[in-house]
Amino acid sequence: MDALQMLAEGFAGALTPANLLWVLIGCLLGTAVGVLPGLGSSMAVALLLPVTFSLDPTAAFIMFAGVYFGGLFGDSTMGILMNTPGQASAIASTFEGHKMALNGRAAQALATAAIGAFIGGFIASIVVVFVAPALADFSSRFGPAEFFALAVFAFAATSSVVTDNVIKGLTALFIGLGIAVIGIDGVSGAPRFTMDSPQLFDGVSLVTVTVAILALGEVIYVACLERHTSDRSLIRPTGRPWLSRKELKEATPAWLRGTAIGLPFGVIPAGGSEIPTFLAYGVEKRLDARRKDPQFGRGAIRGLAAPEAAGNSTTGMAMGALLALGLPISATAAIMLAAFRQYGLQPGPLLFDRAPDLVWSLLASFFIAMVVLLILNLPFAMLWAKLLLIPRPYLYAGITVFCALGIYATSGSTFDLLMLLGIGVLGFLMRAMDYPLAPLIIGMVLGPLAETSLRDAAMSANGDFSVLVQGPITISLYALLALVLAFSIRNRVVARRREKQQEKELVLR
């Protein structure tokens with residue numbers, strides 16, 4: 001009842017004209033960048049980060065949440081119509097969604113995706129309202145050793161479990177950690193890796209790094225890629241943009257199963273919604289194989305419904321984990337965590353006590369954003385597709401200028417512009433060589449927390465580092481990490497054996 005009362009107060013704050021406007025702007029921007037190939041919600045949040053410091057924190061985070069959810073809606077639109085998913089989280093939806101579009105059911109596919117995203121996000125928002133305060137109370141038991149274990153869990157999961165190449169994932173993580181330690185050491189006062197440059201004594205701005213890696217580097221990569229790829233044909237949906245009773249009956253169980261699969265992954269730092277979307281797709285495919293008339297491979301509506309619901313339910317729960325634990329599970333969540341710190345706020349139990357108006361208005365805005373996104377995407381999907389008509393040179397040049405203006409407006413330093421260019425080139429090289437970007441961002445965001453927690457734990461135990469593995473929470477986190485790593489290694493071994501078996505069969509044929 002306390003949660004419902006606080007949620008009602010949150011709706012009172014979120015339903016003001018100004019905050020409703022920020023919800024709408026966030027949803028519009030998120031959907032727009034999701035539709036454009038190669039762009040995503042992480043880029044949009046990174047671009048907006050420098051220009052939102054003049055906003056009230058509640059308005060800024062309401063807009064960020066709209067961008068986060070809206071990006072998933074837009075990603076699936078392009079995956080269905082062009083077979084080019086904007087982000088990895090939309091790949092699973094593309095398998096059956098694009099086949100539906102090829103069969104003349106593009107309008108129904110877009111409706112399935114929009115309703116699935118709405119159901120997954122709405123149910124996740126309900127769960128977050130009741131789970132987030134409990135998670136915050138639980139996190140109040142965390143000390144330095146527990147926070148260090150949580151950071152190590154996030155580092156290992158995002159760099160080793162999600163990525164295809166562990167070496168590349170760990171390399172990206174250590175690059176992020178290396179950037180994070182540049183500057184004056186807060187304890188000893190000694191400069192670290194500053195190369196005697198006064199401009200680096202305060203460290204490298206997290207805003208500069210996120211904009212450079214996720215926006216400028218991505219734009220350079222996509223612009224180069226455009227020169228070597230031909231335009232794919234855009235399927236124009238015709239017919240009814242709603243689902244029949246039979247289609248609703250077919251899709252509803254898949255929506256619910258996908259939502260149930262996605263919810264737990266919202267509190268596990270495993271890279272975001274890529275894993276749950278593929279799991280949801282795999283479950284539906286196995287269930288379809290038992291039917292008398294299998295539909296997968298021919299445009300099965302359940303193969304689209306389940307991944308869409310799973311992706312949005314994961315994102316909704318991820319926002320709860322971010323607020324209650326300060327734990328980012330994806331690059332976009334990591335940028336939002338950085339935004340909290342820029343406003344002088346620390347997600348966790350203290351946030352619920354010190355800024356309840358912000359927390360509950362933000363939670364209430366999740367429900368509003370789901371309704372707004374359903375209205376924007378269910379009937380107007382083809383209007384969003386017209387964004388593809390924007391000439392690519394103008395689009396990429398505009399984003400580049402926006403990157404530079406945002407950084408210069410926040411710092412007023414030409415050195416930061418040079419840093420933006422240099423780190424942007426680094427981001428481009430990482431993308432070109434298939435290095436994951438999320439470990440770098442999470443390493444930079446959580447690196448200071450891990451360092452501070454390690455030092456505090458060691459000093460409190462008079463230099464005895466065994467304190468890091470003594471508490472029940474730390475032992476549980478390390479045990480869970482060991483299970484996750486073991487499961488990941490097993491899956492990779494099985495996948496390699498399967499590939500070798502397939503190669504042998506091809507040779508024998």
Asks: Side chains of Ser93 and Glu308: is there a donor and an acceptor less than 3.5 Å apart?
Replies: yes
Asks: Using a 4.5 Å cut-off on heavy atoms from C-beta on, say whether the side chain of Met419 contacts that of Gln199.
Replies: no
Asks: Parallel, tilted or perpendicular: which one describes the rings of Phe69 and Phe366, with boundaries at 30° and 60°?
Replies: perpendicular
Asks: Could you tell me whether the side chain of Lys168 and the main chain of Met430 form a donor-acceptor pair under 3.5 Å?
Replies: no
Asks: Taking Ser313 for the side chain and Thr259 for the main chain, is one N or O donor matched with an acceptor at less than 3.5 Å?
Replies: yes
Asks: For Tyr408, does the OH atom sit with more than 12 other heavy atoms under 6.0 Å from it, leaving out its own atoms?
Replies: no
Asks: Going by the side chain to side chain contact (heavy atoms under 4.5 Å, CB included) test, name the single residue among Thr315, Leu279, Thr277 that passes it with Phe265.
Replies: Leu279
Asks: When you measure from the side chain of Ser197 to the backbone N and O of Thr194, does any donor-acceptor pair fall under 3.5 Å?
Replies: no
Asks: Going from CD1 on Ile62 to CG on Leu362, what distance comes out if it is rounded to the nearest 0.5 angstrom?
Replies: 6.5 Å
Asks: Can you name the side-chain hydrogen bond (donor to acceptor under 3.5 Å, both in side chains) partners of Arg354, sequence neighbours left out?
Replies: none
Asks: When you compare the side chains of Asp456 and Ser453, does any donor N or O come within less than 3.5 Å of an acceptor on the partner?
Replies: no
Asks: Could you walk me through whether Phe61 and Phe340 pass the ring-ring contact (aromatic ring centres under 6.0 Å, His included) check?
Replies: CA-CA 9 Å; Phe61 287 108; Phe340 273 109; 3.9 Å; yes
